[in-house]
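Here the structure is a predicted model, which is why all the values come from computation and not from measurement. We count residues from 1, following the sequence as given.
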Amino acid sequence: MPGQDPPTAMLLTLLHSIALLGAAPHSAPSIAPQVPSPESSLPGAIRSADVPAQIQITSTHFQAKSLVNEPQWIVFTNSERGLVRVRGLRPFECALLPIPVSGANGMSIELIARSVDGMLLSTGTFDCAQVESATTSVFIERTKTTLAGWMPRHGGRSLTKVTTKRSLMVPAMNTSTAPAAVAAPAPHVPVPVPAENRTRDKSRQLGKKKLPVI
């Protein structure tokens with residue numbers, strides 16, 4: 001700058017550069033929160049099915065909504081950090097959880113619910129990145145023996161099945177409760193043996209005794 005000696009000019013330039021570096025992180029654009037907005041009704045393609053829950057994942061939030069009057073469980077697994085967390089989902093609860101920046105990297109989830117017979121069913125694990133959407137939910141369909149995730153397409157007129165991997169939790173949990181689920185053995189019912197297959201009774205024969213005369 002005019003009228004300043006070289007050392008002062010260099011110091012001012014250095015201070016200006018430090019100020020710019022310090023301001024750089026604050027000038028970076030922040031990620032706008034994307035709060036899930038779950039559908040208020042089931043898509044037409046799955047409306048007649050048994051749907052216990054719907055899940056929605058955005059870049060900043062995770063939301064699970066229970067649609068039935070029974071408890072369910074959500075299992076979070078992070079393959080990069082080796083973490084597993086289980087969170088209960090109460091009847092008709094709508095759970096909203098924030099996702100830290102890059103917290104969904106390597107994260108997968110699965111939903112666990114009981115069948116009509118009381119056995120534990122799982123959707124299997126699926127990557128959060130596969131179903132991340134600011135407008136679309138994953139609807140969990142339950143049959144007698146399976147749980148499956150579906151994403152609606154074309155305004156809910158069609159569905160795409162969510163690709164999953166095998167659950168590592170449910171087989172062990174069902175095994176631990178298997179004795180209570182084993183049916184009692186059927187009672188023994190004697191079956192008559194045909195005459196030709198009967199074994200001759202070799203016990204001592206009683207002596208013949210005449211009947212009294214009447």
Spacing of [atom1] belonging to [X] relative to [atom2] belonging to [Y], to within rounding of 0.5 Å:
| X | Y | atom1 | atom2 | result |
| --- | --- | --- | --- | --- |
| Q56 | E132 | CD | CD | 10.5 Å |
| S137 | I55 | OG | CD1 | 9.0 Å |
| Q63 | I57 | CD | CD1 | 11.0 Å |
| M107 | T77 | CE | OG1 | 9.5 Å |
| Q54 | M151 | CD | CE | 11.5 Å |
| L67 | I140 | CG | CD1 | 10.0 Å |

* Polar side-chain atom of T123 near backbone of L111 as donor-acceptor pair, under 3.5 Å -> yes
* Expected output: side-chain R153 to main-chain S158 donor-acceptor under 3.5 Å -> no
* Asked: Do other residues, nucleotides or ligands put more than 12 heavy atoms under 6.0 Å from the CZ atom of R90?
  ->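 No, not enclosed.
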Restricting to non-hydrogen atoms, name the atom on [X] and the atom on [Y] that form the minimum distance, rounded to 0.1 Å.
| X | Y | result |
| --- | --- | --- |
| T58 | S133 | CG2-O, 3.5 Å |
| W150 | I46 | CD1-CD1, 4.1 Å |
| S108 | D127 | CB-OD1, 3.9 Å |
| C128 | I109 | SG-CG2, 4.0 Å |
| R114 | E70 | O-OE2, 3.9 Å |
| A148 | K161 | CB-CE, 4.0 Å |

* **Derivation and outcome, side-chain contact (heavy atoms from CB on, under 4.5 Å), residues R142 and S115** => CA-CA 8 Å; R142 176 172 56 185; S115 67; 5.5 Å; no
* Test N69 against F92 for side-chain contact (heavy atoms from CB on, under 4.5 Å), laying out the working first. => CA-CA 6 Å; N69 188 24; F92 301 113; 3.4 Å; yes
* To do: Might you work through the side-chain contact (heavy atoms from CB on, under 4.5 Å) test for E141 and L159, ending with a clear yes or no?
  => CA-CA 11 Å; E141 179 192 19; L159 301 169; over 6 Å; no
* Asked: Do E110 and T164 pass the side-chain contact (heavy atoms from CB on, under 4.5 Å) test, and can you show the C-alpha distance, the side-chain angles, and the key distance before you say yes or no?
  -> CA-CA 9 Å; E110 66 176 300; T164 61; over 6 Å; no
* Structure fact -> Only one of V84, L97, V86 passes side chain to side chain contact (heavy atoms under 4.5 Å, CB included) with F76, and that residue is L97
* Mind checking whether V68 and V138 sit in one hydrophobic cluster, side chains of I, L, V, M, F, W, Y counted as touching below 4.5 Å? -> no
